[in-house]
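Each residue takes its place number in the sequence, starting with 1.
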Amino acid sequence: MARKIVLTSGKGGVGKTTVCAGLGARLAAMGFRVLLIDVDLGLNNLDVVMGVENKIVFDIVDVIQGRCRPKQALIQDEFFSSLYVMPSAHSFSKSCVTGENIKNVVGMMDSSFDYILIDCPAGVESGFHRAVFSANEALIVVTPHISSIRDADKVLGILSSYNLESKGLIINRIRGDMVLSGDMIEPSEIVSFLKIPLVGVVPEDDLVSKATGIMDFAKSPSAGRALSLIAENIHTGSKKIFDFTMKYRGLWGAIKTSLKRKL
Ligand code: ADP
Ligand code: MG
């Protein structure tokens with residue numbers, strides 16, 4: 001049976017889709033069979049981040065409405081043969097799709113995968129509930145900004161009405177130089193406010209924002225390493241957190257920080 005994990009946040013643009021794709025790739029690199037399901041109906045993004053948007057023949061709504069078998073809607077990743085994406089519909093009247101429908105699709109895929117990562121839309125309306133309904137576990141993605149942390153707090157309140165086995169926190173887009181200078185909230189403060197276990201931090205990384213496919217993540221020494229640690233933590237229960245201030249400490253770090261400030 002697959003572990004079914006929803007990536008959610010409340011706020012949009014914090015990196016759910018990015019982390020979903022990157023984490024999926026790291027889990028696949030560890031040898032697991034991984035399915036990424038895009039439940040952001042009408043605003044498909046996961047296929048774009050994965051670089052498979054031109055390969056879509058069928059999508060999740062085709063599966064739900066019986067136009068194809070579930071496996072026909074899966075797109076295999078070019079680089080990681082055990083990584084698959086089930087894309088969301090490009091345009092669709094969302095009201096026709098229920099949480100139960102998504103849960104059925106996830107159930108049909110259950111025995112073929114070790115991990116099913118569900119990419120949740122922003123907001124806490126019906127799309128959010130549709131995505132969370134089929135998950136056993138949740139990863140809450142936040143950025144180190146007040147608005148994102150507040151939204152995550154609201155989401156955690158709503159998630160308490162679901163029978164989830166675990167909830168973990170991923171802090172994305174952290175900047176070591178700004179944390180060291182006191183200009184960015186520290187991860188420990190976010191954890192003590194939200195009161196859920198920290199599964200990992202992912203640094204702000206230009207290679208991620210420029211990425212046009214999953215291989216670009218693999219090239220990134222910082223975000224790629226951070227996501228590998230998250231994959232390991234999720235699988236083994238370890239608590240290894242990426243050292244996001246390392247490159248800004250010491251003499252060379254101080255030079256880098258001052259150069260970055262001047263740019
Ligand atoms: P969401 O799914 O939560 O709406 P996305 O994953 O689409 O957010 O990310 C929003 C934007 O932020 C994208 O342009 C993405 O490339 C960028 N981004 C996400 N994480 C990082 C990161 N760690 N470093 C740099 N850019 C990032
Ligand atoms: Mg998204």
Side-chain angles (χ1 to χ4, degrees), residues 2-9 11-40 44-53 75-88 113-122 131 135 137-144 148 152 168-176 187 198-236 238-244:
R3 281 177 68 180
K4 298 176 261 304
I5 308 176
V6 65
L7 285 103
T8 186
S9 67
K11 191 169 165 54
V14 298
K16 291 177 292 299
T17 302
T18 305
V19 170
C20 185
L23 179 59
R26 298 331 303 158
L27 286 166
M30 286 163 74
F32 298 111
R33 300 165 301 163
V34 183
L35 171 61
L36 311 179
I37 299 194
D38 191 348
V39 180
D40 200 349
N44 58 302
N45 272 324
L46 192 56
D47 52 325
V48 179
V49 172
M50 292 292 291
V52 298
E53 71 272 32
I75 304 169
Q76 187 176 29
D77 185 70
E78 249 179 66
F79 303 99
F80 300 103
S81 60
S82 64
L83 177 62
Y84 290 79
V85 181
M86 184 180 284
S88 122
F113 292 93
D114 301 304
Y115 283 92
I116 298 180
L117 304 184
I118 303 158
D119 188 19
C120 183
E137 302 170 56
L139 286 172
I140 290 82
V141 182
V142 293
T143 57
S148 165
L169 181 68
I170 295 180
I171 303 173
N172 187 29
R173 307 195 81 156
I174 195 109
R175 281 197 37 192
L198 183 64
V199 177
V201 294
V202 183
E204 172 77 27
D205 187 332
D206 290 348
L207 278 175
V208 172
S209 45
K210 282 192 248 160
T212 51
I214 204 65
M215 267 329 263
D216 291 342
F217 285 81
K219 285 185 212 144
S220 149
S222 53
R225 171 81 187 129
L227 286 160
S228 293
L229 291 177
I230 294 174
E232 197 182 326
N233 289 345
I234 287 172
H235 191 68
T236 65
S238 57
K239 292 189 168 65
K240 297 179 186 169
I241 303 297
F242 179 74
D243 186 352
F244 57 91

> What distance do Ile118 atom CD1 and Lys16 atom NZ have between them, rounded to the nearest 0.5 Å?
14.5 Å
> If you look at every heavy atom in Val49 and Ala21, which pair is closest and at what distance?
CG1-CB, 3.7 Å
> Report the distance from atom CG of Leu227 to atom OG of Ser222, rounding to the nearest 0.5 Å.
9.5 Å
> May I have the step-by-step check of side chain to side chain donor-acceptor pair (under 3.5 Å) for Asn45 and Thr17, ending in yes or no?
CA-CA 7 Å; Asn45 272 324; Thr17 302; 4.9 Å; no
> Can you list the steps and then say if Asn172 with Val14 is a side-chain contact (heavy atoms from CB on, under 4.5 Å)?
CA-CA 7 Å; Asn172 187 29; Val14 298; 5.8 Å; no
> What's the spacing between Ile75 CD1 and Glu53 CD if we round to 0.5 Å?
9.5 Å
> Determine, stepwise, if the pair Val202 / Ile174 fulfils side-chain contact (heavy atoms from CB on, under 4.5 Å).
CA-CA 6 Å; Val202 183; Ile174 195 109; over 6 Å; no
> Mark yes or no for whether Arg3, through its side chain, and Ile234, through its backbone, hold a donor-acceptor pair below 3.5 Å.
yes
> What's the separation between atom CE in Met30 and atom CG in Leu27, rounded to the nearest 0.5 Å?
6.0 Å
> Work out which heavy atom in Ala2 is nearest to a heavy atom in Ile116; give both atom names and the distance.
CB-CG1, 3.8 Å
> Atom OH of Tyr84 and atom CG of Asp77: how far apart are they, to the nearest 0.5 Å?
10.0 Å
> Using the ring of each side chain (for Trp, its six-membered ring), is Phe32 parallel, tilted or perpendicular to Tyr115, with breaks at 30° and 60°?
perpendicular
> Let me confirm one number: the OG-CG distance from Ser228 to Leu23, rounded to the nearest 0.5 Å.
9.5 Å
> Considering all heavy atoms of both residues, which atom of Asp38 and which atom of Leu46 are nearest to each other, and what is their separation?
OD2-N, 3.2 Å
